[in-house]
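Report on one structure; see the data block that follows.
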Amino acid sequence: AALRFLDDAGRRFDLVVVDAGDITRNAAIGSLMGAADHVVFLAKLTETRQSEATRCAEAAAVMGSGISAAILFEPGGKAAS
């Protein structure tokens, strides 16, 4: 059902964003990641540890997708400069 939804959304919109949360704790997201054109990793500046980022990159690779980009943000919603 989720893959069908993503496929339908992809036909209707130029960009579809799916928030999967922590992919190391969400094995069910694997099939969606494999179908995605890009995977973006979000990390909190000064809070996300390098080891966590590495585990997420490894999980993405195992699930059939690499991480296309990473976005660092400051807690509180401010963009990192």
Side-chain angles (χ1 to χ4, degrees):
L3 282 175
R4 193 171 345 143
F5 169 78
L6 185 61
D7 186 48
D8 185 46
R11 278 194 235 105
R12 294 172 183 242
F13 302 100
D14 294 330
L15 177 67
V16 178
V17 177
V18 177
D19 180 355
D22 183 346
I23 64 172
T24 63
R25 296 183 182 143
N26 187 359
I29 201 69
S31 60
L32 290 178
M33 288 182 62
D37 292 330
H38 299 281
V39 174
V40 178
F41 177 76
L42 301 176
K44 290 181 182 178
L45 191 65
T46 72
E47 290 185 28
T48 303
R49 297 174 186 233
Q50 183 177 357
S51 61
E52 294 169 337
T54 300
R55 281 195 304 274
C56 286
E58 290 169 350
V62 167
M63 292 179 188
S65 183
I67 293 178
S68 303
I71 299 173
L72 296 175
F73 66 94
E74 291 183 32
K78 297 178 183 176
S81 56

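Counting begins at 1 with the first residue of the sequence.
Put simply, Val62 and Phe41 are part of two different groups of oily side chains (I, L, V, M, F, W, Y) that touch within less than 4.5 Å, one to the next. Follow the hydrophobic side-chain contacts under 4.5 Å out from Leu6 and you reach Phe13 in the same cluster.
The OG1 atom of Thr24 sits 8.0 Å away from atom CD of Glu52, with the distance rounded to the nearest 0.5 Å. One finds the CG atom of Leu15 at 10.0 Å from the CG atom of Asp37 (value rounded to the nearest 0.5 Å). Taken to the nearest 0.5 Å, the OG1 atom of Thr46 stands 7.5 Å off from the CD atom of Glu74. Rounded to the nearest 0.5 angstrom, Ile67 CD1 and Leu42 CG are separated by 10.0 Å.
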Q) Passes salt bridge (Lys or Arg N to Asp or Glu O under 4.0 Å), Arg11 versus Asp7? Steps please. A) CA-CA 6 Å; Arg11 278 194 235 105; Asp7 186 48; 2.3 Å; yes
Please step through side-chain contact (heavy atoms from CB on, under 4.5 Å) for the pair Phe5 and Val18, ending with a clear verdict.
-> CA-CA 11 Å; Phe5 169 78; Val18 177; 5.8 Å; no
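The shortest heavy-atom contact between Met33 and Ser65 is O-CB, 3.4 Å. Of all heavy-atom pairs between Cys56 and Ile23, the closest is O-CD1, 3.2 Å.
By the neighbour-count criterion of 12 heavy atoms within 6.0 Å, atom CD of Glu47 is densely surrounded, having more than that number from other residues, nucleotides or ligands.
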